[in-house]
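Accompanying notes for the structure given below.
Lettering of chains follows the sequences in order, A, B, ..., and the numbering in each one begins at 1. What's counted below: heavy atoms across the whole structure, side chains too, no hydrogens, waters or symmetry copies. All figures in this text were calculated on a predicted structure; none of them were measured in a lab.
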Number of protein chains: 2
Amino acid sequence: MKNESSTVENYIKTIYSLCDKNGKTTVSAVAERLQNNPASVSNMVRRLHEKGLLENKSKLILSKEGNLLARQLIRKHRLWETFLVRVLNFKWEEVHDIAEQLEHVHSPLLTERLPVFLEYPKFDPHGDPIPDKKGNLPDLNAIPLTEAEVDQLYIFRSVATDKSDFLNYLNKKGLQLGQKWKVTEKEEFDGSVKLLIDENREVYFSETVAQNF
Amino acid sequence: MKNESSTVENYIKTIYSLCDKNGKTTVSAVAERLQNNPASVSNMVRRLHEKGLLENKSKLILSKEGNLLARQLIRKHRLWETFLVRVLNFKWEEVHDIAEQLEHVHSPLLTERLPVFLEYPKFDPHGDPIPDKKGNLPDLNAIPLTEAEVDQLYIFRSVATDKSDFLNYLNKKGLQLGQKWKVTEKEEFDGSVKLLIDENREVYFSETVAQNF
DNA sequence: GTAAAATTTTAGATTAATCTAAATTATGAA
DNA sequence: TTCATAATTTAGATTAATCTAAAATTTTAC
Ligand SMILES: [Mn+2]
Ligand SMILES: [Mn+2]
Ligand SMILES: [Mn+2]
Ligand SMILES: [Mn+2]
């Protein structure tokens, strides 16, 4: 695994996370996500292909190497988040931005020893699975809140974003991983839901929030 | 404290470490140390001065802010080295290059919590003092091996470089911090010395090695 | 099946960080 | 003091990563 610049690494992670079921995405989607100009993305796509990180010159599909690089970055990111919460007593909403930097530290030895010390964690503080050394991810049968059936009991296993503003909102509402919940009401016209948490507390969520569950 | 690029941070650290008793150094010394062309250094010196990190436009003297930045980088570097050895079981010769990357991670919260977890270490794994939050360093009365008196007993407190090749050499010779030693012979013509370690083992050191003690 | 709209690419510029080669400035030994 | 050598700066180029504006291409809508 070569030592790519953090700019290149961030492009690869972004492309990975935006890929649809066919494994592809678009210049404009990447530009939007990175808040970069499409012209800049177009230029970078050419360079990523030259580095062998993209399958195709014109289509935005990760090559085998690109895919592995993405998964290894996600592995490092989630291991560091786990470390920060478990060892340095950070809160779950504090760790993402720091892990965005730490994931670019290049050291095979460090990447090997961090999970040993943490005793091979399988999930990060946001309930997201940590890819193994080879980049494999477990098959999760998690259901997004927007697809939950009314009155069916679920367990809160993960959040779909670990941005601090969203997590702070969950904290304010008293939501935590591991809680049991069910949807008691579902508004079709605006996608909002009413939840019963731990069988004793009611919370209302807008569709925007529900989508990140 | 603004968020400088790691290139700028590395220049500031280099200038700091090269400064003489008058607090100054030269373009050519920095170029030599960083293995850069003097023209590149000259160009960077102008930019560092524009950023307020150098006292003077033409003389290579750190400003108050430049000096503090350097000390805070050294603090982070040595805290990370301590963390790697104490927590992740790294050996003292393995940590410098990783700390060179970790010291550029910018997070006031992390810089605050790392020393709390480590219980405010005063020295790094190489015996080098860790500056406090404000950048203050303790006054050490350490004596370099080259200035040691013959037959006087000393304790091995620190090394002057933490590059892995030098530390591997010390490992091979069985040298460790905390050991007692005295110079039993000193060759004036080549600066080499003969040491008695822990009163039972003899080692010969060239002047090159002695200078890094 | 065209035409408008959206998307992508190209062209040209900019900034940080580097280089080589040339010009300038400083040092210092005779 | 003077002139050779050393140190530094300037000039011009290069590469990565970005931008804006314009051109080209693809998609969608009628
Ligand atoms: Mn994260
Ligand atoms: Mn996470
Ligand atoms: Mn070090
Ligand atoms: Mn050290």
Under a 4.0 Å threshold between the charged nitrogen and the carboxylate oxygen, would A:Arg113 count as salt-bridged to B:Glu94? yes

Do A:Arg46 and A:Glu50 sit within salt-bridge range, that is, some charged N less than 4.0 Å from a carboxylate O? yes

[X] has an atom [atom1]; how far is it from atom [atom2] of [N], in whole Å?
| X | N | atom1 | atom2 | answer |
| --- | --- | --- | --- | --- |
| B:Leu60 | D:dA7 | CG | C1' | 12 Å |
| A:His49 | C:dT9 | NE2 | C1' | 16 Å |
| A:Glu9 | D:dA16 | CD | C1' | 15 Å |
| B:Leu34 | C:dT18 | CG | P | 8 Å |
| A:Leu48 | D:dT18 | CG | P | 11 Å |
| B:Met44 | C:dT15 | CE | C1' | 12 Å |
| A:Lys59 | C:dT7 | NZ | P | 19 Å |
| A:Leu54 | C:dT8 | CG | P | 14 Å |

Rounded to the nearest 0.5 Å, how far does NE2 of B:His106 lie from CG of B:Asn3? 4.5 Å

Flag the pair A:Leu170 / A:Phe205 as yes when at least one side-chain heavy-atom distance between them is below 4.5 Å, and no otherwise. yes

Counting C-beta onward and ignoring hydrogens, is there a side-chain heavy-atom pair between B:His126 and B:Arg78 closer than 4.5 Å? no

Trace of the side-chain contact (heavy atoms from CB on, under 4.5 Å) decision for A:Val85 with A:Glu81: CA-CA 6 Å; A:Val85 167; A:Glu81 287 189 341; 5.8 Å; no

Please check the phosphate of C:dT18 (OP1 and OP2 only) for any side-chain N or O of B:Tyr11 closer than 4.0 Å. yes

Run through B:Val45, B:Asn36, B:Leu53 and flag the one making a side-chain contact (heavy atoms from CB on, under 4.5 Å) with B:Tyr11. B:Asn36

Could you check which residues of residues 23-33 of chain A get a heavy atom under 4.0 Å from DNA chain C? Sort them by number, please. A:Thr26, A:Val27, A:Ser28

Please tabulate, one pair per line, each protein N/O and nucleotide N/O from nucleotides 19-21 of chain D that are separated by under 3.5 Å, including the distance.
{"unit_1": "D:dC19", "atom_1": "OP2", "unit_2": "A:Asn37", "atom_2": "N", "d": "3.0"}
{"unit_1": "D:dC19", "atom_1": "OP2", "unit_2": "A:Ser40", "atom_2": "OG", "d": "2.3"}
{"unit_1": "D:dT20", "atom_1": "OP2", "unit_2": "A:Asn37", "atom_2": "ND2", "d": "2.9"}

Minimal non-hydrogen separation, A:Pro129 against A:Leu137, with atom names: O-CD2, 3.6 Å

Could you report the tightest heavy-atom contact between B:Pro121 and B:Arg86, atom names first, then the distance? CB-NH1, 4.0 Å

Sugar-phosphate only, base, or nothing, as touched by B:Ser42 at under 4.0 Å among non-hydrogen atoms: base

